[in-house]
Visitor: 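Structure provided below as structure tokens; questions to follow.
Numbers restart at 1 for each chain; the letters A, B, ... are given by sequence-line order, proteins then strands.
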2 protein chains.
Amino acid sequence: MAEREAERSVSQTVRAQLALRELIVSGGLRPGERISELQAVEVTGVSRTPVRMALVRLEEEGLLEAIPSGGFMVKAFSERDILDSIELRGTLEGLAARFAAERGVSSRDLEPLKECLNEIDGLVRQEPISMEAFSSYVALNARFHALLAELSRSPPLIRQIDRASALPFASPSGFVMAQSALPEARQILLIAQDHHRVVVDAIENRESARAEAIMREHARLAARNLRLALRNRTHLDLLPALALISAG
Amino acid sequence: MAEREAERSVSQTVRAQLALRELIVSGGLRPGERISELQAVEVTGVSRTPVRMALVRLEEEGLLEAIPSGGFMVKAFSERDILDSIELRGTLEGLAARFAAERGVSSRDLEPLKECLNEIDGLVRQEPISMEAFSSYVALNARFHALLAELSRSPPLIRQIDRASALPFASPSGFVMAQSALPEARQILLIAQDHHRVVVDAIENRESARAEAIMREHARLAARNLRLALRNRTHLDLLPALALISAG
DNA sequence: TCCGGCGCTAATGTATACAGTCTGAATTCA
DNA sequence: TGAATTCAGACTGTATACATTAGCGCCGGA
């Protein structure tokens with residue numbers, strides 16, 4: 001073993017999990033397609049035991065589905081599933097925002113959030129948003145949402161949001177980048193950024209109801225945009241990617 | 001192998017998972033206590049491989065926590081964690097109720113819910129509620145909440161509710177039964193049952209906002225009762241049990 | 001030609017052997 | 001006497017061998 005000397009620090013299980021997740025979200029395996037252990041062994045380069053562990057974790061994560069007769073397949077999501085997931089996440093994040101506002105946060109805690117906001121501002125200011133900028137936006141947006149969840153100071157809620165976010169919003173694939181060329185993209189991003197700003201303001205002023213409402217609205221906007229996007233391009237393959245951009 | 005001929009139908013992994021979960025929620029292992037694989041092997045009677053799978057699943061489920069240096073320990077929950085979990089579940093169930101109301105359900109779909117309601121009615125009618133009746137109530141209440149989640153027709157949401165419900169509400173242990181003797185128990189059950197009735201009515205009449213609001217209120221009542229109960233008896237060991245009764 | 005049964009192959013589920021590492025204690029030196 | 005270092009034990013992480021089962025194709029009969 002130890003064929004690859006680099007990055008031997010992390011466990012084989014984690015490496016397998018990352019590799020398989022990447023394979024799934026990048027579209028290397030079609031939804032509904034079976035994923036055999038030996039196949040996974042070849043892909044990841046580790047033994048069957050860590051591969052199995054990774055598969056179990058990915059199942060719990062929601063990316064895989066157990067086949068009754070044994071083994072796993074890539075989980076397939078309907079359009080409705082993804083729309084629901086967006087609203088679900090919005091609801092959870094609304095609760096997180098409410099908790100943050102109710103519990104009260106110091107301005108010191110809000111600092112990272114505001115930094116994030118400013119960085120995003122710098123990105124969306126560009127007129128046609130470059131693919132690189134859009135890529136950065138995706139990362140920053142994820143960071144903002146993660147920070148917001150943390151602000152709730154509720155481990156159970158943070159955990160749940162993590163679970164809810166993991167799935168249909170996973171892939172920063174090529175499809176996503178392609179979306180950045182759309183003329184509406186910048187508009188969506190500007191509105192989403194406005195939502196971000198409002199929620200920070202609401203939390204700062206302890207307006208819990210407003211904080212919760214805006215995050216729900218944020219999700220509703222995302223869902224609406226996804227629905228619109230689906231009118232134009234009906235490739236189901238694009239769903240995860242579209243969900244990502246729509247989730248703003 | 002096959003030392004126990006009975007129940008060879010289910011896989012070793014599932015058996016191990018059930019046995020270990022029972023061990024944890026029944027209090028056989030204290031929160032924070034480490035659970036070694038060999039120990040688990042002795043308890044479950046299966047080999048290390050299925051035991052490991054079960055441990056990973058239980059970690060993803062939230063009952064266990066990974067120790068950085070390796071292995072797992074029983075997860076410890078603070079009072080705040082449990083209160084948050086109750087509110088979290090209420091929020092998710094509120095969304096489920098809203099989905100059900102928005103999407104519209106046939107009276108045929110509501111039939112099982114109403115049956116459940118009637119059965120609970122029969123139980124709470126008794127003046128001092130017997131331990132057996134209370135035990136039945138716990139089961140029926142869980143059934144009601146599961147049915148409600150199903151009514152949302154949203155697999156992602158159902159899954160999430162399942163996850164949120166699993167944890168601090170797990171153990172139907174002896175402690176729970178002891179609670180049934182409390183004089184306030186019946187009052188709590190009656191109010192909770194009223195909530196149940198209202199949500200079914202709201203869904204039937206497509207009042208989505210009302211359906212959502214009542215489930216949130218339901219959770220808030222539960223949280224308040226738990227807080228009150230904690231004033232009297234401050235044993236942290238009782239938390240899961242108290243959460244269960246308070247979750248009504 | 002079609003249907004059914006039988007056998008094979010391959011993949012999963014399980015068990016166990018092996019290696020690396022962390023913990024804890026005991027011993028030794030300052 | 002205290003602290004540090006080393007050694008031993010155990011436990012996890014990993015790899016692989018074994019068994020069982022499900023799926024699938026082929027062959028034979030109607």
Visitor: Under 4.0 Å, counting only non-hydrogen atoms across every strand here, what does A:Ser36 touch: a base, just sugar-phosphate, or nothing?
Guide: sugar-phosphate

Visitor: Taking only N and O in the side chain of B:Gln39, is any of them less than 4.0 Å away from OP1 or OP2 of D:dC11?
Guide: no

Visitor: Once ring pair (Phe, Tyr, Trp, His ring centres under 6.0 Å) is applied, do any residues pair with A:Phe144, and if so which ones, sequence neighbours excluded?
Guide: A:His196

Visitor: For B:Leu38 and D:dG13, what is the distance between atoms CG and P respectively, to the nearest whole Å?
Guide: 13 Å

Visitor: Please report the distance, rounded to the nearest Å, between CG in B:Leu55 and P in D:dT12.
Guide: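 It is 9 Å, rounded to the nearest whole Å.
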
Visitor: Between B:Glu59 and B:Lys75, is the closest basic N to carboxylate O distance under 4.0 Å?
Guide: no

Visitor: From C-beta outward on A:Gln12, which listed nucleotide comes closest to its side chain: C:dT14, D:dC11, D:dA15?
Guide: D:dA15

Visitor: Taking atom P of C:dT12 as reference, at what distance in whole Å does atom CZ of A:Arg52 sit?
Guide: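 Value for this atom pair: 8 Å.
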
Visitor: Sequence neighbours excluded, which residues qualify as side chain to side chain donor-acceptor pair (under 3.5 Å) partners of B:Glu60?
Guide: A:Arg57, A:Arg163

Visitor: Establish whether the base of C:dT14 is bridged to the side chain of B:Thr13 by a donor-acceptor pair shorter than 3.5 Å.
Guide: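 When only heavy-atom distances are counted, B:Thr13 does not reach the base of C:dT14 through any donor-acceptor pair under 3.5 Å.
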
Visitor: B:Glu37 CD to C:dC18 P: how many Å, rounded?
Guide: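 Whole-Å distance recorded here is 18 Å.
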
Visitor: Between the base of D:dT14 and the side chain of A:Ser11, is there a donor and acceptor pair under 3.5 angstrom?
Guide: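 No, no donor-acceptor pair under 3.5 Å.
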
Visitor: Measure from CD on A:Glu59 to P on C:dG13 and round the result to the nearest Å.
Guide: 10 Å

Visitor: Nearest heavy atom decides the nucleotide; on that basis, is B:Met53 or B:Arg34 closer to the 5' end of DNA chain C?
Guide: B:Met53

Visitor: Consider side-chain contact (heavy atoms from CB on, under 4.5 Å). Of A:Leu92, A:Thr91, A:Asp84, which one does B:Leu95 pass it with?
Guide: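 Only match with B:Leu95 under side-chain contact (heavy atoms from CB on, under 4.5 Å): A:Thr91.
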
Visitor: So, does the side chain of A:Ser69 form a donor-acceptor pair with the base of D:dA22 at under 3.5 Å?
Guide: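 In this structure, the two groups form no donor-acceptor pair.
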
Visitor: Please state whether the phosphate of D:dT14, meaning OP1 or OP2, lies under 4.0 angstrom from any side-chain nitrogen or oxygen of A:Arg48.
Guide: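 No, A:Arg48 has no side-chain N/O under 4.0 Å of OP1/OP2 on D:dT14.
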
